[in-house]
Amino acid sequence: MQQIPSVDLRDFLSDDPARKQKFVNEIGSAFEEIGFVALKGHFLNDQLVEELYGEIRNFFSLPLETKRSYEIPGIGGQRGYVSFGTEHAKGRKEGDLKEFWHFGQYVSKDSKYASEYPENVQVKELPKFNAVGKEAYQMLEKTGVYVLRALALRLGLDEFYFDNYAKDGNSILRPIHYPPITSEPANAIRAAAHGDINLITLLMGAQGKGLQVQNHEGEWIDAIAEPDELVINVGDMLSRHTNNKLKSTIHQVVNPPRELWGTSRYSVPFFMHPVSDMPLNCLENCIDAENPKQFEDITSGEYLYERLVDLGLIKK
């Protein structure tokens with residue numbers, strides 16, 4: 001496969017059972033083969049996208065000491081600002097060439113998960129930043145719920161199987177700034193080859209070259225979306241839960257050609273996580289004689305902790 005397939009969520013949302021099944025078949029087979037799709041018909045409108053990118057550019061343009069005042073110690077980078085070069089891919093020492101911000105879940109005070117999540121960090125210099133971020137978070141989360149419903153049907157589960165795990169889930173919206181490259185990087189690239197931790201990732205900002213996906217032959221292919229598309233991929237939690245029936249594919253963000261070193265790149269992934277007590281045990285209907293159980297039983301919270309240590313975001 002040399003390009004990622006394109007699907008339209010409006011098929012799934014239609015009242016036509018044939019169109020709905022078409023979406024389930026298309027996204028299911030794409031996630032079983034390459035683990036990535038480009039998706040039209042999501043819940044982000046053009047105005048929200050434009051406002052979000054405006055606020056992100058404004059934030060990353062603030063003086064470094066102002067941004068650093070929003071770097072919160074002791075929470076593994078789960079909220080607020082994470083500075084340039086802090087995060088690295090599993091097994092690599094070089095920090096990625098990026099800085100980013102984290103918006104987290106918005107739970108009611110009486111939610112049993114309220115005590116698990118740090119508060120979102122308010123940026124006082126930018127009065128619209130947090131409101132726009134919250135709206136984008138909730139529209140991406142809504143999109144993700146419908147994608148998970150389609151995948152539940154593909155897996156032979158009840159359509160709403162994932163709903164209670166996604167509600168109040170530990171999802172993260174991460175606006176990323178890849179700054180201009182000013183000198184030859186020794187070994188670092190904008191984001192080294194990695195798999196995502198979570199259930200699914202919904203990515204804004206894959207319109208230019210940079211994001212690459214590794215296909216089954218080990219070749220890197222460019223994942224480029226149309227302006228109205230999100231790129232969605234399977235994360236390791238979902239791959240593990242489905243006994244690797246749905247594929248979490250290795251991907252990376254490569255440095256641009258030298259003539260574009262002077263330009264910034266912005267992208268905004270939404271990492272859709274379940275609640276911490278979701279069991280990621282391999283689903284019974286994904287295990288058979290040809291596909292024996294590949295993974296030990298674990299909860300999503302335990303698995304997330306292991307992975308944040310691997311990434312250098314939590315120090316043991």
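What's counted below: heavy atoms across the whole structure, side chains too, no hydrogens, waters or symmetry copies. When a residue number appears, it is its place in the shown sequence, counting from 1.
In terms of modelled atom types and a separation under 3.5 Å, the side chain of S111 and the main chain of V107 share no donor-acceptor contact. Of the possible donor and acceptor atoms, one in the side chain of S14 sits under 3.5 Å from a partner among the backbone N and O of D11. Not a single donor-acceptor pair under 3.5 Å links the side chain of E306 to the backbone N or O of Y303. Side chain of D222 to main chain of I224: no donor-acceptor pair is present (N/O by atom type, distance under 3.5 Å, no hydrogens or angles).
Aromatic rings from Y81 and Y70 are positioned such that their centres are separated by 6.0 Å or more. Taking the ring centroids of H102 and F100, they lie under the 6.0 Å cut-off.
Side-chain polar atoms of S300 and H273 form no donor-acceptor pair below 3.5 angstrom. Q214 and Q252 form no side-chain donor-acceptor contact under 3.5 Å, judged by distance and modelled atom types alone. Counted by atom type alone, E141 and S171 present zero donor-acceptor pairs between their side chains at under 3.5 Å. Side chains of N120 and N130: no donor on one and acceptor on the other come within 3.5 Å.
In the displayed structure, K293 atom NZ is contacted under 6.0 Å by more than 12 heavy atoms of other residues, nucleotides or ligands. Atom CD of E159 has more than 12 neighbouring heavy atoms from other residues, nucleotides or ligands inside a 6.0 Å radius. Within a 6.0 Å radius of NZ in K247, more than 12 heavy atoms belonging to other residues, nucleotides or ligands are found. Counting heavy atoms of neighbouring residues, nucleotides and ligands inside a 6.0 Å radius, atom CD of E125 exceeds 12 of them.
We find the CG-SG distance between N243 and C286 to be 6.5 Å, quoted to the nearest 0.5 Å. Rounding to the nearest 0.5 Å places CG of L230 at 5.5 Å from CG of L44. Going from atom CG of L157 over to atom CG of L148 covers 11.0 Å, rounded to the nearest 0.5 Å. The CZ atom of F31 lies 9.0 Å from the OG1 atom of T249; values are rounded to the nearest 0.5 Å. Here the straight-line distance linking atom OH of Y137 with atom NZ of K142 works out to 16.0 Å at 0.5 Å rounding. Residue R154 holds its CZ atom at 4.0 Å from CD of E32, rounded to the nearest 0.5 Å.
Salt bridge status for D158 with R149: absent, with no side-chain N to carboxylate O gap under 4.0 Å. Remark: E26 engages K22 in a salt bridge, criterion side-chain N to carboxylate O under 4.0 Å. Ion pair E99/K67 flagged as a salt bridge, since at least one NZ, NE, NH1 or NH2 atom sits closer than 4.0 Å to an Asp/Glu carboxylate oxygen. Here D15 does not pair with K20 in a salt bridge; the nearest charged N to carboxylate O distance is not below 4.0 Å. Contact check on K40 versus D8 returns no salt bridge, with no Lys/Arg side-chain nitrogen under 4.0 Å from an Asp/Glu carboxylate oxygen.
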Show the numbers, then the answer: is there a salt bridge (charged side-chain N to carboxylate O under 4.0 Å, His left out) between R10 and D16? CA-CA 10 Å; R10 287 165 296 208; D16 180 346; over 6 Å; no
With side-chain contact (heavy atoms from CB on, under 4.5 Å) as the criterion, how do L155 and K245 come out once you've worked through the C-alpha distance, each side chain's angles and the decisive distance to 0.1 Å? CA-CA 9 Å; L155 294 165; K245 180 180 175 72; 3.8 Å; yes
Walk me through whether F43 and L9 qualify under side-chain contact (heavy atoms from CB on, under 4.5 Å). CA-CA 9 Å; F43 293 102; L9 187 59; 4.1 Å; yes
Taking it one step at a time, do Y305 and T299 satisfy side-chain contact (heavy atoms from CB on, under 4.5 Å)? CA-CA 10 Å; Y305 179 82; T299 67; over 6 Å; no
Salt bridge (charged side-chain N to carboxylate O under 4.0 Å, His left out) between R307 and D236: does it pass, once the steps are laid out? CA-CA 10 Å; R307 292 292 299 273; D236 292 347; 2.5 Å; yes
After noting the C-alpha distance and the side-chain angles of V268 and I176, does the key distance pass the side-chain contact (heavy atoms from CB on, under 4.5 Å) rule? CA-CA 6 Å; V268 189; I176 303 173; over 6 Å; no
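Residue pairs that meet the ring pair (Phe, Tyr, Trp, His ring centres under 6.0 Å) test with at least one member in residues 110-129, sequence neighbours left out, are F59-F129, W101-F129, F103-F129. Residue pairs that meet the side chain to side chain donor-acceptor pair (under 3.5 Å) test with at least one member in residues 280-290, sequence neighbours left out, are D288-N291.
Judged as a salt bridge (Lys or Arg N to Asp or Glu O under 4.0 Å), and not counting sequence neighbours, K109 has no contacts.
Ring geometry, F36 versus H251: the interplanar angle exceeds 60°, so the pair is classed perpendicular (tilted spans 30 to 60°).
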